[in-house]
Amino acid sequence: MKSPDFSYVRATSLDEALAMLADSEDAVILAGGQSLVAALNLRLQAPELVIDINHIPGLDRIELAEGKLRIGPLVRHAQLMASAEAARALPLIAQALPHVAHPAIRNRGTTCGSLAYGDPAAEMPACAVALDATLVLASRDGTREVPARDFYDGLYETRRAPHEMLIEARFPAAPEGARAMFAELAVRRGDFASLGLAGQLHLDAGAIAAFDLVAFASEPAPHLLTGVAELALGQRPDARLAADLAQAVAEAVDPLESPLATPAMRRRQYRALAERCLRDAMELADA
Amino acid sequence: MPDDLIRFTLNGRRIAVPSTRGHLGDLLRHELGETGTHIGCEHGVCGACNVVMDGRVTRSCLTLAVQVDGAEIETIEHAGNDRCGAALQDAFVARNAFQCGYCTPGMIMTARELLSENAAPGRAEIRDAISGNLCRCTGYQAIVEAISDAAEALRETADD
Ligand SMILES: Cc1cc2nc3c(=O)[nH]c(=O)nc-3n(C[C@H](O)[C@H](O)[C@H](O)COP(=O)(O)OP(=O)(O)OC[C@H]3O[C@@H](n4cnc5c(N)ncnc54)[C@H](O)[C@@H]3O)c2cc1C
Ligand code: FES
Ligand code: FES
């Protein structure tokens, strides 16, 4: 299909983009366009004004400072994937990015665009919730910071107001020895997942000192599994623990009905997926 | 676009066309008659519309025509002009890596980027690279073999 009619402007500075966002009733930001232009073509969205931010200088920076990795709004998925610094600081993101769409889409699609859009099946929002990232939102009136853990309300619903732009995602760098947990079920690599798990654990003197795990894609928004974390903390990793935690994951998730699987089937899929990714993260041999 | 023209470089030629609200794929095909770029789904899923924009493979259906003002675009019409594109075209013919040919332009644009970054990709890497390109005819095996053959041919002739 073809997109509906809209006005297009190319912003040349952040202030200009924020002023246009504030002045229009019905404006949207165009970042990578990999979700927005698809939605326009399908006529799922019909904004009055499309504000192209791709020509604003300085928005494509990845910076590591004071233990935080800062990702600017024009950092493409492919650029983040190619950054050795980002891969060291955020092993979970490094593991998840190859599952985000396909090369041509990663060349254009931005990580902040994905975080702002809040697709329930997207990997980056799940990673941001797991890693307790901070999202920096700017408007003409100033900036505010929202923890990713408070940002996602439901299907494509976030705490971002229409006149706000996500100008930075700030992730705490993983502590030495942190291990990523990531697994998803998708028809093909790069397709949106039907269910997935993203998280990180950290051992101290052989016991689990930090454990954050998020279920995504099967529910309207990323779901931080706090009950599972309580069971994991202080325990020593072994096969028995992996199996118990996988069972706890299956009980904690609340999967929606889908044409492909009943909630009961999805819980079983979660248990298998969780056991696999927990064993990997705990570096246990295959069952 | 002060005068409402979109100015860009297409396959090395400077172009100026009246602004349209559609996507780049339609601009290429309808306004400029460059029909090598194929349009399948118009929502990013099939990859038939892949072109190179400012050096990176890009979905032309997910790029607004107005976005290419000032950009450099390369399409399948131009891809055979370099060693890598030509090697891929030869290998696709030799391996019968297309039947209807609808997916082929997008496959070649995608494979060309893969081979520019990785001179000796394994079968799994090739499959991963073309995961965003759908083919309804071949079952992919011949395409994977063709890309692998092209990589080998390019390695063999690398220093001549
Ligand atoms: C075939 C296909 C498969 C895909 N598969 C996956 C997948 O498996 N996993 C996955 O995670 N994603 C997938 N994607 C989506 C892709 O990752 C998108 O690029 C990403 O979700 C959105 O980023 P973008 O920069 O393209 O945003 P755009 O499309 O430009 O924008 C998307 C929305 O977010 C808003 N927005 C963008 N940036 C900002 C900002 N800085 N501040 C405020 N609002 C903003 C826009 O206004 C728009 O409403 C897929 C896309 C396609 C077409
Ligand atoms: S037409 Fe662009 S991806 Fe299908
Ligand atoms: S050859 Fe027909 S779609 Fe690939």
Side-chain angles (χ1 to χ4, degrees), chain A residues 1-12 28 30-55 60 74 76-79 81-82 97-110 113 119 186-192, chain B residues 1-2 4 6 19-26 30 39-71 106-107 109-114 116-118 121 124-134 140:
Chain A
M1 280 204 320
K2 309 296 175 191
S3 69
D5 208 359
F6 54 84
S7 302
Y8 166 90
V9 274
R10 220 175 240 201
T12 52
V28 291
L30 171 66
Q34 303 302 290
S35 297
L36 178 63
V37 180
L40 292 174
N41 288 350
L42 292 167
R43 301 206 167 195
L44 296 171
Q45 256 176 289
E48 220 162 71
L49 176 66
V50 171
I51 304 169
D52 185 352
I53 62 167
N54 285 276
H55 297 269
D60 61 349
L74 280 180
R76 318 278 169 186
H77 296 307
Q79 181 190 348
M81 217 167 134
L97 274 171
H99 296 268
V100 176
H102 316 287
I105 289 165
R106 292 196 295 263
N107 281 345
R108 294 294 301 172
T110 63
D119 190 311
V187 179
R188 285 183 307 176
R189 165 78 80 92
D191 283 1
F192 279 110
Chain B
M1 298 163 294
D4 233 23
I6 302 172
S19 182
T20 73
R21 78 160 198 241
H23 56 69
L24 171 60
D26 280 351
H30 298 170
I39 301 298
C41 66
E42 295 193 301
H43 61 277
V45 174
C46 75
C49 70
N50 280 1
V51 300
V52 173
M53 176 167 170
D54 293 331
R56 302 303 303 251
V57 171
T58 301
R59 297 279 202 250
S60 64
C61 74
L62 298 186
T63 305
L64 301 175
V66 281
Q67 276 185 278
V68 306
D69 191 57
M107 286 286 181
M109 299 313 272
T110 304
R112 201 155 147 268
E113 179 166 87
L114 170 70
S116 72
E117 291 166 354
N118 183 349
E125 288 170 307
I126 295 174
R127 284 190 181 273
D128 200 35
I130 62 167
S131 66
N133 292 73
L134 295 179
Y140 301 99

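Heavy atoms only: backbone and side chains are in, while hydrogens, waters and symmetry mates are out. Naming convention: chains lettered A, B, ... in sequence-line order (proteins, then strands); numbering from 1 in each chain. From a predicted model like this one, the values you see are computed outputs, not experimental measurements.
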Open item on the list: Using a 3.5 Å distance criterion without hydrogens, assess whether the side chain of B:N50 forms a donor-acceptor pair with backbone atoms of A:A104.
Closed with: no

Open item on the list: Apply side chain to side chain contact (heavy atoms under 4.5 Å, CB included) to residues B:Q67 and A:N54 and explain how you reach the verdict.
Closed with: CA-CA 9 Å; B:Q67 276 185 278; A:N54 285 276; 3.9 Å; yes

TODO: Grab the two heavy atoms, one from B:D128 and one from A:P103, that are nearest each other, plus how far apart they are.
DONE: O-CD, 4.2 Å

Task: Separation of A:Q79 CD from B:R56 CZ (nearest 0.5 Å) - done: 9.5 Å

TODO: Any chance you could measure A:H55, atom NE2, to B:D69, atom CG, to the nearest 0.5 Å?
DONE: 8.0 Å

Open item on the list: Which atoms of A:L36 are under 4.5 Å from chain B, going by heavy atoms: the side chain, the backbone, both sets, or neither?
Closed with: neither

- [ ] Using non-hydrogen atoms and a 4.5 Å limit, figure out which bit of B:T110 sits close to chain A: side chain, backbone, both or neither.
- [x] neither

Open item on the list: Looking at chain A, which one of B:L64, B:V45, B:I39 has the largest number of heavy-atom pairs inside 4.5 Å, strictly under?
Closed with: B:L64

Task: Residue part contacting chain B, namely of A:D52, when any heavy atom lies under 4.5 Å - done: side chain

Open item on the list: Would you compute the distance between atom OG of B:S131 and atom CG of A:D191 and round it to the nearest 0.5 angstrom?
Closed with: 7.5 Å

Open item on the list: Do B:R59 and A:R108 make a side-chain contact, defined as non-hydrogen atoms from C-beta onward lying under 4.5 Å apart?
Closed with: no

Open item on the list: Can you tell me which portion of B:M109 sits under 4.5 Å from chain A's heavy atoms? Options are side chain, backbone, both or neither.
Closed with: neither

- [ ] For the residue pair A:V37 and B:T63, establish whether any side-chain heavy-atom pair is separated by less than 4.5 Å.
- [x] no

TODO: Would you name the heavy atoms of A:R10 and B:V66 that are closest together and state the gap between them?
DONE: NH2-O, 3.3 Å

- [ ] Name the option with the most non-hydrogen atom pairs under 4.5 Å to chain A; the candidates are B:G106, B:C61, B:C41.
- [x] B:C61

Open item on the list: Quick check on the interface: out of A:P98, A:A38, A:G32, A:G33, who has the most heavy-atom pairs with chain B under 4.5 Å?
Closed with: A:A38

Open item on the list: Taking the side chain as everything from C-beta on, heavy atoms only, tell me whether B:R21 gets closer than 4.5 Å to A:S3.
Closed with: yes

Open item on the list: Report which part of B:E113 has an atom under 4.5 Å of a heavy atom belonging to chain A: side chain, backbone, both, or neither.
Closed with: side chain

Open item on the list: Is A:P4 in contact with chain B via its backbone, its side chain, both, or neither, using a 4.5 Å heavy-atom distance?
Closed with: backbone

Open item on the list: Which one wins on heavy-atom pair count under 4.5 Å against chain A: B:E42, B:H23, B:H43?
Closed with: B:E42

Open item on the list: I need the B:T20 OG1 to A:K2 NZ distance, nearest 0.5 Å.
Closed with: 10.0 Å

